[in-house]
Structures are given as structure tokens and as C-alpha cells.
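Worksheet: the structure to be examined is printed underneath.
All chains are named by letter (A, B, ...) in the order of the sequence lines, taking the proteins before the strands, and each is independently numbered beginning at 1.
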Number of protein chains: 2
Amino acid sequence: MSLAAGTDLSLLVRKLETIITVSDLERRAIERLPVTRRQLSAHQDIVRDGDHPKQCCLLLEGWAFRYKLLDEGKRQILSVHIPGDIPDLQSLHLPVMDHSLSTLTACTLAFIPHEAMLDLTRNHPGITAALWRDTLVDAAIFREWMTNIGRRSTLGRITHLFCEIYLKLHGMGLARDFACEMPLTQGDIADAIGVSNVHVNRVLQDLRGQGLLTLQGQRLVIHDWDALTNRAEFDPAYLHQKRPPGP
Amino acid sequence: MSLAAGTDLSLLVRKLETIITVSDLERRAIERLPVTRRQLSAHQDIVRDGDHPKQCCLLLEGWAFRYKLLDEGKRQILSVHIPGDIPDLQSLHLPVMDHSLSTLTACTLAFIPHEAMLDLTRNHPGITAALWRDTLVDAAIFREWMTNIGRRSTLGRITHLFCEIYLKLHGMGLARDFACEMPLTQGDIADAIGVSNVHVNRVLQDLRGQGLLTLQGQRLVIHDWDALTNRAEFDPAYLHQKRPPGP
DNA sequence: CCGGCGCATTAACAAATATCAGTGACAGGC
DNA sequence: GCCTGTCACTGATATTTGTTAATGCGCCGG
């Protein structure tokens, strides 16, 4: 808990507002939540497969991702998270983690005790519905990823991932003009879309060669949004964003 | 609404009991829900991508599945549902369907108006939590499927799918002795695990050749559960079943 | 009883993708 | 300023998987 708590939690309010309308009463209840701020460097696990967490975390700054590890070091990345997300909200009702959550870049996190979140939901059915809905959007994104991994070409998978990340950032006001940060390495992208890192490299070169996008350092620039969404068969409906998702 | 409504809805209670403990008060509230029973034959859409449903359906008899369609007829199956499931519960908070729901076999369904479900959740926070949790388990299964499709061998994917289905049926008392119905065609399996139907055929023959399972007509018999779960790298934790999942 | 249809199966071949084995650029720690 | 590790990138080769096309079987309706 800190002086900045109100500020930290206003990010959560902003996130919920991309999904529902938040009343003043609800806003105040949210901003009264006890939070513990913590800084983590890149590639630190926040919760691990098998853990029984007693708190959720709100991502304030930086990127995080969820993943599962299989035999022989195979890894599947399950989701990518940006400021405003609560990547382990599900732990509120599923006591045992079935996957891990890790920082991708250096992050600032606000930890909120489950106790406090459950109190909040007990007293504010509207917030309960909003948080429930947030986990449902999460699931909708999983469904789209399944489709991406199972049924699209590698080129389609990569472009679809980029379109999604750009729109998520844009929805939180963190990107515009078809450019954004892209801290995922080629190996991360590979583990997110179910191919090898070598193949990601080759397809990225193809995409660059076609002039569809630039990916340099940690920065993605999309040169032709319409062409890209076509290649990806990208339809943003699954993101269930409140406002019409014009980038 | 019908005389059989109480009976129909006791299936929902049984389902929730595999996940939480249901009080008598809650049980009575559930059994008071207004339901419309309907029979559908195999391969009928229940809700379609883009629809704005005004009700949820409880699956009473038969199997259903969710799917997305892509260009050129590609299809990704997202989940398989058995009696006790509410496959479109998410429509309670996500007004627009981002995928379709269809019967796999002939089905009996109980439709419950959103209005009535929302009333139920307003008056029974415990049920809200249970339903929310049910959608979270749904999402946990999506995560496992993503991993399955993205990072396992075709043989692993098929065996993993079979292990999951068997345990889900077992959890609802619909299967024992390592045998169960399996109405999925090879083409359905292919669309669930992201490979071609021809390849599914080849790998199934391999599995039969190894004596791990029998798949004849519409019936699956698992000959060596331990060997199968090993091949699949199957860990049932992600199903979040209340009781320890010994088959 | 026949015809049609969906499903399982097969083979031959083509395409996509993984694997392996590197190279070089760059950044951070000491 | 050097060492070390990570990351992007490359080429050769091996595997896996998809595609296409054809066959046969069993079931259902007329």
C-alpha cells in the first residue's frame, strides 16, 4: 500500500473501462484496494506451475507472459500481457496454477491479496461481472490462439499475433500510428505460435521482403494494416473491445 | 419449463459439485430455473459465430463441440462437450459469439434464458463463483489444448485428447474401466489437434499397432492408461477436478 | 435391394518445417 | 577492454506432415 496506490489502481479502472462502464462508487472501491508495488527485472517468474498464490498481480509497467513447460524443454507461450492486465486473475477461483507467469521485460507490478479482491467482488456485483468478463475475454483470446496455432500458415500466425498485440496496446492507449514496442524475441514468437525459432526467422524476412512490416531492435512498424490483417485473416471481434477497434 | 425441469437441472447441480460444494439453498435455486428442453439431431448448429444469444444451453444428453471456421473451409475445433456442460455460458457476459457451437451427436438440451441466469447470480454469490470458476476451467482446458497443438507430436496430441475426454466423462460418471464412447470422426480429431485427417488415420493405426488402445465403431478402449498418459505427457491437474482424478 | 454418402483407409508425391551446426553482432559485467 | 551470453541469421539435410486421388465398407432411405 502506498501513496501511489490510487494512481496504480486507476490503471485497473482504465482497463475495465475498455470493457464495461465503471461507476464512481465502483471506481472508489477499486482505488481503495490494498496493493504492494514491486519491481521485477526481465525473465523473472511471478508465479509458477503448481503454486497456490494468495494474491493477484496487476501489471503496471512492462510486459509479461504465461507459459507451460513440457518434456525436453519444449515451451508453449499461452498469452502476452501489457500494462492494465491482471494475468493471474484466474487464481482467485482456481487455487492451483496450471502454468507459469513470467516477466518478459522489466516490470512494475501491483500485488493485490485475494482476500481483498474477494471482498471487492462480494460488495460490488458490477465489478464481479467485469472481472468475470475479463477472464472470458482472456478465454476468447485463447480460442483464437488455438485457431492460430492449429489452422493458420506460419506467416498468418505471426501477422495475427502482431495484429493482436498492436490492437491490445492501442486499446490501452499505448500505441498508435501502427507502430509499437515488440520485446518478444524470435524464439518467444516461435514458442507462442508453435514453430521453431529458425522458421520464425525465415518468415519474418519474408514479411519484411514483402514490405508489410519492419521489425528492428525492439520496435514493430506495420506498413500496411489492411494487407496485414488480410494475410492474417484477422478479425478483431474476438478481443471484445468495447469501442470499435479502428487502429 | 417442464415437469422434468428439476431432473434436468439436477445434472447442472451434479456438474457444479464436481467443482464446488453446492448448498441446499443453492440447489433449490438452480432447480427453480426456467428451462426449455429441446432435441437436436447430429451436426446442427446451436449458436453461430456472430450471434447475440439470449439464453445459455445445458447439455443433457449427447455430445457437442465449439469451432471456428477460416478461409478455404479450414476448421478449428475448440472444445468437446458432454452432458452437464454449459458450452455457451460465456455468452452471459460476452454478447457476441466469436465462434460457433454445434451438436456432434443427437442431443437433448435445456435452454435457460440469460435473464434467469443473471437473476440467479445476483441472488447467489456462491453460484456466481461456481459458474465463473466453470468458465475458468474452460479456459484452463483451452490453455492445455494450445500447448497440445503447439508443442506435442501428433501421437501425443491424439492420446492427450483421448485421456482428457475419458477423464471428463469419468468425472461425470459417464465412463469407467478405461472405455468410453468416442463419436469424433478422424476428421473431427484432425480439426481438434491441428493436423490433416489422413495423418490422424496414420497415427491411429500406429497407436493400435502398439496395443495402446482400440478404436472401433464409436467406442474407445484404453488398454494401458499409464503408458498412454506417458506418451501424452498428460497431467490432469489442468482439469481442476475437485476429487483426485484417479480413473 | 439398390444407390448414395460419409467415413476409414491407402499410396505416391509434394511441401512445409524441424534439426543441426554453425557465424557474427551486440550488450553487460568484471 | 575482454569475456560471455543472447540473439539474429544462414545453409544443408532430415522429418514430418499435407495433398491428391482412389478404394472399399457399412448404413440409410427410397
End axis versus end axis in the helix from C:dC1-D:dG30 to C:dC30-D:dG1, the angle rounded to 10°, five pairs used at each terminus
50°

Nearest of D:dT19, C:dA18, D:dC7 to any side-chain atom of A:Thr185?
D:dC7

Could you write out each protein N or O paired with an N or O of nucleotides 24-30 of chain D at a distance under 3.5 Å?
none

Looking at residues at least two apart in the chain, or sitting in another chain, which of them share a side chain to side chain donor-acceptor pair (under 3.5 Å) with A:Arg75?
A:Asp188, A:Asp191

By side chain to side chain donor-acceptor pair (under 3.5 Å) - contacts of B:Gln44 (at least two apart)
B:Ser41

List for me each residue that meets side chain to side chain donor-acceptor pair (under 3.5 Å) alongside B:Arg48, sequence neighbours excluded, and say none if there are none.
B:Asp45

Side chain to side chain contact (heavy atoms under 4.5 Å, CB included) with B:Asp88: which residues, sequence neighbours excluded?
B:Val47, B:Cys56, B:Cys57, B:Ile86, B:Ser91, B:Leu101

Which pairs pass ring-ring contact (aromatic ring centres under 6.0 Å, His included) with one or both residues in residues 192-224 of chain B, sequence neighbours excluded?
none

Side chain to side chain contact (heavy atoms under 4.5 Å, CB included) filter on A:Glu233, not counting sequence neighbours, yields A:Arg152, B:Leu70, B:Asp71, B:Lys74

Examine the side chains of B:Asn201 and B:Gln186 and answer whether a donor and an acceptor come within less than 3.5 Å of each other.
yes

Any side-chain donor-acceptor pair under 3.5 Å between B:Ser79 and B:Arg66?
yes

Using the benzene-type ring in the case of Trp, are the ring centres of A:His160 and A:Tyr166 under 6.0 Å apart?
no

Rounded to whole Å, please give me the gap between CG in A:Asp191 and P in C:dA18.
11 Å

Touch check for A:Ser153, heavy atoms < 4.0 angstrom, all strands: base, sugar-phosphate only, or nothing?
nothing

Can you list everything that forms a side chain to side chain contact (heavy atoms under 4.5 Å, CB included) with A:His43? Sequence neighbours excluded, please.
none

Can you tell me if A:Thr154 touches the phosphate of C:dA16, counting only side-chain N or O atoms and a distance under 4.0 Å to OP1 or OP2?
no

Those residues that, when tested against A:Asp134, pass salt bridge (charged side-chain N to carboxylate O under 4.0 Å, His left out) (two or more places apart):
A:Lys15

In whole Å, what is the span from the CG atom of B:Leu184 to the P atom of C:dC7?
12 Å

Under 3.5 Å: donor-acceptor pair, side chain of B:Gln76, backbone of B:Tyr67:
no

Would you jot down, in residue-number order, the residues of residues 199-212 of chain A having a non-hydrogen atom under 4.0 Å from DNA chain C?
A:His199, A:Arg202

Every protein N/O lying under 3.5 Å from an N/O of nucleotides 21-27 of chain C:
none

